[in-house]
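Contents: one structure, followed by commentary.
Index from 1, following the sequence. We count ligands from 1, going down the list as the structure has it; atoms in each ligand are counted the same way.
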Amino acid sequence: MSNVTAKTKICIIIGDPIEHSLSPLMHNAAYQSLGIDDKFVFLAAQVKVENIEKVVNAMRVMGVRGLTCTIPHKVAVMKYLDEIDPIAEKIGAVNTVVNENGNLKGYNTDWLGVVTPLEKIGKPLKNMKVALLGAGGAARAMAYGVTQKGAHLTIYNRTLLKSQELATEVNAECKNLANMDLTDTDVIMNSTSVGMGDKENLTLVPKEQLHRDQIVFDAVYNPYETRLLKEAKGQGANIIHGMDMLLYQGIAQFELYTGFTAPEEVMRQTLLQHFQVLK
Ligand code: ATR
């Protein structure tokens with residue numbers, strides 16, 4: 001039986017499309033495990049980007065506690081908020097809006113989804129040589145996260161102009177994908193869509209460039225383990241799944257919405273079960 005009552009606070013993710021989102025699953029499982037599923041419920045709604053102002057107004061008048069923004073709302077939402085956290089301002093995107101008694105404050109937790117699993121491996125990012133493949137939406141949190149921690153970043157993108165823009169913002173180098181050699185790189189991060197959908201059997205990194213002293217991080221979470229990650233694992237590298245990025249941005253967001261410490265293992269197992277990779 002549901003524990004939702006008239007006192008339950010609403011958190012909601014908006015996006016277009018939205019049906020694939022795993023946030024409701026992950027957050028509701030966490031509420032349930034802490035016994036706070038009478039206090040919070042996490043929903044989802046498909047919203048067109050031109051309706052974002054109406055959603056923010058509805059959040060105010062309905063007292064919605066949390067608004068999670070995914071594509072295409074992360075930039076568009078910003079101008080309707082009362083306050084923006086300085087890190088979100090710098091990244092130029094908000095994925096988390098907290099309603100504190102009518103004051104709407106925007107945060108970005110995507111970069112923590114990048115930095116937290118990298119730091120858990122135990123090697124400080126400071127002065128590490130990091131390569132980022134891609135320069136689209138997902139690349140921004142990755143680029144910001146590692147440069148913020150003092151890594152030396154090189155961005156490789158098919159379209160050089162896009163990587164040049166991002167590189168200027170985060171003070172990184174940029175190079176063309178065509179003649180890439182990552183043998184000398186400590187951390188490789190893929191933010192491109194290569195490895196998923198109709199590109200599931202593809203990878204941008206030749207296996208010969210992967211080795212055991214590297215960390216390889218793929219933002220792609222479907223499939224759970226991409227060809228890049230399988231090959232990196234085969235070569236003895238440390239790997240970080242795209243699911244971890246989803247998990248750790250969600251953990252930071254959970255704590256902003258509820259004020260409780262997130263039940264990390266419950267959230268991880270919920271996502272793993274979804275991918276049917278039970279540990
Ligand atoms: P997202 O917001 O999910 O990052 P995006 O903004 O469309 O999606 O970015 C997709 C990234 O994948 C881009 O860096 C894109 O390269 P371009 O900037 O050259 O378009 C990259 N990408 C997609 N398909 C690719 C392919 N077949 N080879 C190399 N890069 C590819």
To the nearest 0.1 Å, how far is atom 24 (N) of ligand 1 from its closest protein heavy atom, and which atom is that?
Lys199 NZ, 3.2 Å
Counting only heavy atoms not in Glu50, do more than 12 sit closer than 6.0 Å to its CD atom?
yes
Classify the contact between Thr159 and ligand 1 as side chain, backbone, both or neither, using a heavy-atom distance cut-off of under 4.0 Å.
both
Atom 9 (O) of ligand 1: nearest protein contact (heavy atom, Å)
Gly136 CA, 3.6 Å
Of Leu160, Asp198, Val194, which has the heavy atom at the shortest distance from atom 28 (N) of ligand 1?
Val194
Is Leu104 reachable from Ile52 through a run of hydrophobic residues whose side-chain heavy atoms are each under 4.5 Å from the next?
yes
Nearest protein heavy atom with distance in Å, relative to atom 23 (C) of ligand 1:
Ser193 OG, 3.3 Å
Can you establish whether the number of heavy atoms outside Asn171 located under 6.0 Å from its atom CG is more than 12?
no
The answer for which part of Thr192 has a heavy atom under 4.0 Å from ligand 1 is both
Tell me, do Gln164 and Leu161 make a side-chain contact under 4.5 Å, heavy atoms counted?
yes
What's the shortest distance from atom 13 (C) of ligand 1 to any protein heavy atom, and which residue and atom give it?
Asn157 OD1, 3.9 Å
Salt bridge Asp82-Arg60, side-chain N to carboxylate O under 4.0 Å:
yes
Of the backbone atoms (N, CA, C, O) and the side-chain heavy atoms from C-beta on, which set of Ala135 has a member under 4.0 Å from an atom of ligand 1: side chain, backbone, both, or neither?
backbone
Note: Glu265-Arg268 ion pair, threshold 4.0 Å (strictly below):
yes
With atom 22 (N) of ligand 1 as the reference point, say which of Arg158, Met142, Arg140, Met196 has the nearest heavy atom.
Arg158
For atom 8 (O) of ligand 1, find the nearest protein heavy atom and state the residue, atom name and distance (0.1 Å precision).
Gly137 N, 4.4 Å
Between Asp186 and Lys123, is there a salt bridge with N-O shorter than 4.0 Å?
no
For Leu133, which part has a heavy atom under 4.0 Å from ligand 1: side chain, backbone, both, or neither?
neither
Quick one: does atom 17 (P) of ligand 1 have a protein heavy atom under 4.0 Å from it?
yes
Would you say Ile121 has more than 12 foreign heavy atoms packed within less than 6.0 Å of its CD1?
yes
